[in-house]
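Worksheet for the structure shown next.
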Amino acid sequence: MHIKEIQNGILLEGVKDFDAVHIFECGQSFRWNKENDGSYTGVAYGRVINVSSNYENEAVTINNTNLEDFQNIWHDYFDLGRNYGEIKKILSEDSVMEMAIQHGRGIRILQQEPWEMVISYIISANNNIPSIAKSLNLLSEFYGKPLQYSGKTYYAFPTIEELESAELQDINRCKAGFRCKYIYNSVKLIHSKEVDLDSIKQMDTETARKHLMRLPGVGPKVSDCIMLFSMQKYDTYPIDVWIKRITEHFFVGRDVKMKDIQSFAKDKFGDLAGFAQEYLFYFSRINKIM
DNA sequence: TTGCAGGGGTCAA
DNA sequence: TTGACCCCTGCA
């Protein structure tokens, strides 16, 4: 990979397996917006950047950043140290996976912030994507720091401290309904380190899941999402309604128990289950498989 | 325009 | 194992 500094940004050349559309539309993040030119603007790690890519030319442009932030933040955020070609090769031995991967060949699993993922996926329960994004944006607007880019104001995701100062009535303003009290109480547990996200990240998957599920509003599916999208636990296979449908449809037949799908994924995909889940999720959404 | 169903699950009974 | 759950959106 070759890194070039450009006007207020960087240009990466020789980046394989990177497609901004696939990365930002595969359901792992909620705060990236598509611009008219096809690029994506979003906020992460307290910074706003704009990303565009060309899969064939193996080129990626990141605007509003510099070399230092790229090396310290964005390199890992976009998981650029991982060989996705190898992962796709292994998973493609299965014909269903080969088909799914063809549709989402440029997916990469972002290394996001655990704290932000906890709140994001608590809000995601029994909810739809526009509503989830709306609540997260309101929360950021109310409690996060404002950031300027290209004549517009964006908001950083609030820190634990910023949200800890909020009363339940305040959090209710983010329109997350019955999930607001989950947020309020989870914030307390995380802030007091009773649930310590840093140490949970170091635990093995099973232990980490148990600890995460002590947070109100965090069940099996939400904890798996937190671990996959922010703790590099790639042996997880978060099972939402879509993944349940597609796994039943293509692999295990009709209407089985969650536990059966879980053990299927473990046997079939092993340490690559999380990657398989993302390719399958993206595939099921763009093809509206019911 | 109004009304109703259902949604990226979790919790409590 | 089964409903209720806030709020919003899509669709008659």
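Bear in mind the structure is a predicted one, so any value in this text is a computation, not a measurement. All chains are named by letter (A, B, ...) in the order of the sequence lines, taking the proteins before the strands, and each is independently numbered beginning at 1.
Within 4.0 Å of A:Lys181, counting heavy atoms only, lie sugar-phosphate atoms of the nucleic acid but no base atom. Counting any heavy atom pair closer than 4.0 Å across all strands shown, A:Leu215 reaches sugar-phosphate atoms only and no base atom.
For the contact set between residues 219-238 of chain A and DNA chain B, defined by any heavy atom under 4.0 Å, the members are A:Gly219, A:Pro220, A:Lys221, A:Val222. Looking at residues 100-124 of chain A, you'll see A:Ser124 sit with a heavy atom under 4.0 Å from some atom of DNA chain B.
Nucleotides B:dT1 and C:dC7 have their P atoms positioned 23 Å apart, rounded to a whole Å. For the C1' atoms, the distance linking B:dA5 with C:dA4 amounts to 15 Å, nearest Å. C:dT1 and B:dG8 have their P atoms separated by 23 Å, given to the nearest Å. Of the P atoms belonging to B:dC11 and C:dC8, the separation is 23 Å, rounded to the nearest Å. The same atom, P, is picked in B:dA13 and in C:dC6; the two are 14 Å apart, to the nearest Å.
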Acceptor/donor pairs from residues 107-116 of chain A side chains to any protein atom, 3.5 angstrom cut, sequence neighbours excluded:
| from | atom 1 | to | atom 2 | distance (Å) |
| --- | --- | --- | --- | --- |
| A:Arg108 | NE | A:Phe78 | O | 2.9 |
| A:Arg108 | NH1 | A:Lys16 | O | 2.9 |
| A:Arg108 | NH1 | A:Asp17 | O | 2.9 |
| A:Arg108 | NH2 | A:Asp79 | O | 2.9 |
| A:Arg108 | NH2 | A:Arg82 | O | 3.2 |
| A:Gln111 | NE2 | A:Asp79 | OD1 | 3.0 |
| A:Gln112 | NE2 | A:Gln28 | O | 2.8 |
| A:Glu113 | OE2 | A:Tyr45 | N | 3.3 |
| A:Trp115 | NE1 | A:Pro158 | O | 2.8 |

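Looking at every heavy atom in both residues, A:Ile239 comes nearest to A:Lys221 through O-CG, 3.4 Å. Residues A:Leu12 and A:Ile10 come closest through the heavy atom pair CD2-CD1, 3.9 Å. Annotation for A:Ala125 and A:Phe178: closest pair O-CZ, 4.4 Å, computed over non-hydrogen atoms.
Checking A:Thr207 against A:Asp204 by side-chain atom types alone, a donor-acceptor pair falls below 3.5 Å. In the model, A:Trp32 has no side-chain atom that pairs as donor or acceptor with a side-chain atom of A:Thr41 under 3.5 Å.
Rounded to the nearest 0.5 angstrom, A:Arg285 CZ and A:Leu280 CG are separated by 13.5 Å. Interatomic distance, CG of A:Asp19 versus OG of A:Ser52, reported as 11.0 Å (0.5 Å rounding). For the atom pair CD1 (A:Ile183) and CG (A:Leu215), the distance works out to 12.0 Å, reported to the nearest 0.5 Å.
Under the salt bridge (Lys or Arg N to Asp or Glu O under 4.0 Å) criterion, A:Asp94 pairs with A:Lys268, not counting sequence neighbours. Checked against salt bridge (Lys or Arg N to Asp or Glu O under 4.0 Å), A:Arg31 has no partners two or more places apart in sequence or in another chain.
Sorted by first then second residue, the side-chain hydrogen bond (donor to acceptor under 3.5 Å, both in side chains) pairs that include residues 168-178 of chain A, not counting sequence neighbours, number zero. For residues 210-219 of chain A, the set of pairs meeting the side-chain hydrogen bond (donor to acceptor under 3.5 Å, both in side chains) definition, not counting sequence neighbours, is empty.
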Pairing string of DNA chain B (Watson-Crick or G-U wobble, both atom distances under 3.5 Å; | = paired to other strand) is .||||||.|||||
Per-nt protein contacts along nucleotides 7-12 of chain C (heavy atom under 4.0 Å; B base, S backbone sugar-phosphate only, - none) come out as SS----
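Taking a heavy-atom distance under 4.0 Å as the criterion, the stretch of DNA chain B touched by chain A extends 5' to 3' from B:dG7 to B:dC11.
Checked against a 6.0 Å centroid threshold, the rings of A:Tyr282 and A:His103 do not count as neighbours. Taking the six-membered ring wherever Trp is involved, the centroid distance between the rings of A:Tyr234 and A:Phe269 does not fall below 6.0 Å. Between A:Phe18 and A:Tyr55, a ring centre-to-centre spacing not shorter than 6.0 Å is recorded.
Chaining together hydrophobic side chains whose heavy atoms lie under 4.5 Å apart places A:Tyr154 alongside A:Val43, A:Val48, A:Leu147, A:Tyr149.
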Between the protein and nucleotides 2-4 of chain C, are there any N/O to N/O pairs under 3.5 Å, and if so, what are the atom names and distances?
none

Under the side-chain contact (heavy atoms from CB on, under 4.5 Å) criterion, do A:Cys225 and A:Ser124 qualify, and how do the steps go?
CA-CA 10 Å; A:Cys225 284; A:Ser124 80; over 6 Å; no
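With DNA chain B read from its 5' end, the first of the two nearest nucleotides for A:Phe281 and A:Gly217 is the one closest to A:Phe281.
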